[in-house]
Amino acid sequence: MCLWFLLSCCCLMFACPLVGHAESLRELIETLPNGRINWTNGLLEAKGSSPSSSLPDADSRSQEQMVRQACQEAAKHMLQTMHQVRMDDTRYISHVMSSDQQVGAKGAEMAAAAPVVEKNRTADGKMEVTVQMALLGPLAQLVLPESIKQVDTIKSINSVADEADEEAIGRQAPADASNVYTGLIVDARGTGAKPAMVPLLVDESGKEVYGSVFVSREYAVQQGVCMYASALAHPEQRARVGQNPLVVKGLRTFVDRNCDIVISNTDAAKLMDVSANLGFLKQCRVMIILDP
């Protein structure tokens with residue numbers, strides 16, 4: 001009996017780590033009344049439907065009209081969803097669009113042009129369509145603050161390390177390769193933090209250690225200031241943060257600012273030390289893990 005108990009305990013000791021180890025990257029999706037935001041993939045999605053129709057499916061003219069009606073409603077819902085994307089702790093995209101007439105008109109044009117990715121006839125005779133558009137790229141270029149400027153010449157935003165970083169690593173020639181970080185992961189689960197296009201990381205005294213002034217605009221536009229997820233195992237396998245990311249724990253959100261995350265002074269000092277040499281913050285190699 002004792003032998004069986006000991007064997008069971010040993011099995012549990014080996015099995016428990018595997019549970020967390022098998023945990024995979026899960027998309028962080030925010031569901032809104034008229035659409036949803038996929039913060040992991042940087043996508044906006046909205047649906048629209050036409051009025052019910054008893055006309056047969058074979059009537060192509062009626063089908064086309066129903067699709068147009070559904071697309072019109074989907075475009076309206078896409079614009080509403082776009083408006084509700086957080087820019088930072090105090091503003092939404094709606095604030096950016098309402099403060100500049102040209103930006104507002106261009107944003108509305110983008111929402112209206114969102115392509116249909118799914119189309120089907122519902123049981124009650126309606127035509128339903130799903131439209132989708134990227135939160136990154138043209139929309140990000142349109143709404144990101146001017147404080148995010150282009151830094152140096154960026155040859156390839158998809159590479160894990162650019163030539164400048166490689167040269168910097170070579171000049172340093174560190175004795176311990178584990179100290180050469182390729183990105184940053186902030187585990188902010190349990191803090192109540194909310195995703196935003198331009199989040200801030202601050203130390204315990206409120207000093208900013210990552211935000212708009214740290215990144216190059218081309219990276220921010222094309223891949224986002226950071227990537228969000230709701231769970232992550234094997235972070236070293238994510239191209240975004242490279243093979244050896246610095247992993248820190250979010251302590252809490254900053255006072256009355258639920259998009260801004262506080263990390264310890266020790267972690268902040270470590271981050272500032274390596275970022276000065278490697279520049280991975282400039283390239284937005286940052287991932288933030290939040291509660292789903």
Side-chain angles (χ1 to χ4, degrees), residues 27-51 67-119 127-151 154 157 193-200 208 211-228 256-260 284 288 290:
E27 296 174 353
L28 183 67
I29 297 175
E30 182 176 359
T31 302
L32 300 168
N34 294 310
R36 63 181 197 165
I37 308 167
N38 187 321
W39 287 99
T40 302
N41 294 334
L43 291 173
L44 302 179
E45 185 177 283
K47 294 182 183 294
S49 61
S50 69
V67 169
R68 283 197 300 271
Q69 292 172 328
C71 286
Q72 289 172 356
E73 184 176 81
K76 176 183 175 182
H77 290 169
M78 175 60 78
L79 184 59
Q80 293 170 341
T81 299
M82 183 192 297
H83 282 169
Q84 296 176 75
V85 175
R86 295 181 202 84
M87 288 299 303
D88 50 43
D89 193 69
T90 61
R91 298 182 308 151
Y92 291 79
I93 283 185
S94 60
H95 294 113
V96 179
M97 293 176 65
S98 63
S99 65
D100 188 315
Q101 188 174 3
Q102 290 185 333
V103 170
K106 185 62 177 177
E109 181 183 320
M110 290 180 178
V116 175
V117 295
E118 187 177 346
K119 179 173 61 177
M127 179 65 71
E128 184 178 78
V129 301
T130 301
V131 296
Q132 201 175 75
M133 69 174 290
L135 183 58
L136 306 176
L139 179 58
Q141 182 70 275
L142 183 69
V143 301
L144 282 175
E146 293 183 0
S147 59
I148 300 181
K149 302 181 183 299
Q150 184 165 327
V151 180
I154 299 171
I157 68 168
K194 301 293 184 182
M197 290 189 72
V198 191
L200 290 181
E208 184 177 339
S212 61
V213 298
F214 288 83
V215 306
S216 181
R217 188 172 188 88
E218 189 167 348
Y219 283 94
V221 165
Q222 296 194 41
Q223 61 186 34
V225 172
C226 72
M227 172 188 278
Y228 287 100
D256 297 326
R257 287 159 42 184
N258 63 4
C259 296
D260 303 341
C284 304
I288 300 178
L290 300 180

Practice item. Starting from the C-alpha separation in whole Å, work towards a yes-or-no answer on side chain to side chain contact (heavy atoms under 4.5 Å, CB included) for Met197 and Ile148. Key: CA-CA 12 Å; Met197 290 189 72; Ile148 300 181; over 6 Å; no

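- Within the model, atoms SG of Cys259 and CZ of Arg91 stand 11.5 Å from one another, a figure rounded to the nearest 0.5 Å.
- The main-chain N or O of Gln80 is found under 3.5 Å from a side-chain atom of Gln84 such that the two form a donor-acceptor pair.
- When all heavy atoms of Ile37 and Thr81 are compared, the pair lying nearest together is CG1-CG2, 4.3 Å.
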TODO: Tell me, with the steps shown, if Val103 and Val96 meet side chain to side chain contact (heavy atoms under 4.5 Å, CB included).
DONE: CA-CA 7 Å; Val103 170; Val96 179; 4.1 Å; yes

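- Across Arg217, Glu218, Gln222, a single residue satisfies side-chain hydrogen bond (donor to acceptor under 3.5 Å, both in side chains) together with Gln141, and that is Arg217.
- Closest of all the heavy-atom pairs between Pro199 and Ile288 is CG-CD1, 4.2 Å.
- Here the NZ-CG distance, from Lys47 to Asn34, works out to 12.5 Å after rounding to the nearest 0.5 Å.
- Partners of Glu45 according to the side-chain contact (heavy atoms from CB on, under 4.5 Å) rule, which considers only residues two or more places apart in sequence or in another chain, are Arg36, Thr130, Gln132.
- For Asp89 (side chain) and Asn258 (main-chain N/O), a donor-acceptor pair under 3.5 Å exists by modelled atom type.
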| request: Evaluate the criterion side chain to side chain contact (heavy atoms under 4.5 Å, CB included) for residue pair Lys194 and Arg86; output intermediate values, then yes/no. | output: CA-CA 9 Å; Lys194 301 293 184 182; Arg86 295 181 202 84; 3.8 Å; yes

ask   = Can Val85 and Trp39 be said to form a side chain to side chain contact (heavy atoms under 4.5 Å, CB included), step by step?
value = CA-CA 10 Å; Val85 175; Trp39 287 99; 3.7 Å; yes

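- For Ala220 against Cys284, the heavy-atom pair with the smallest separation is N-SG, 3.7 Å.
- Ser49 places no side-chain N or O within donor-acceptor distance of the main-chain N or O of Ala70, the cut-off being under 3.5 Å.
- The structure places OG1 of Thr40 at 5.5 Å from CG of Leu28, a figure rounded to the nearest 0.5 Å.
- In this structure, the side chain of Ser50 engages the main chain of Met127 through a donor-acceptor pair within 3.5 Å.
- In this structure, His77 contributes its side chain and Gly35 its backbone to no donor-acceptor pair below 3.5 Å.
- When all heavy atoms of Leu43 and Ala134 are compared, the pair lying nearest together is CD2-CA, 4.1 Å.
- The salt bridge (charged side-chain N to carboxylate O under 4.0 Å, His left out) test applied to Glu109 returns Lys106, not counting sequence neighbours.
- Atom CG of Leu135 and atom CG of Asn38 lie 9.5 Å apart (nearest 0.5 Å).
- Between Met82 and Ala111 the shortest heavy-atom distance is CE-CB, 3.9 Å.
- Here the straight-line distance linking atom CE of Met87 with atom NE2 of His95 works out to 11.5 Å at 0.5 Å rounding.
- In this structure, the separation between CG on Leu142 and CD1 on Ile93 is 8.5 Å, given to the nearest 0.5 Å.
- Ser212 and Val198 make their closest contact through CB-CG1, 3.9 Å (heavy atoms, listed as atom of the first residue, atom of the second, distance).
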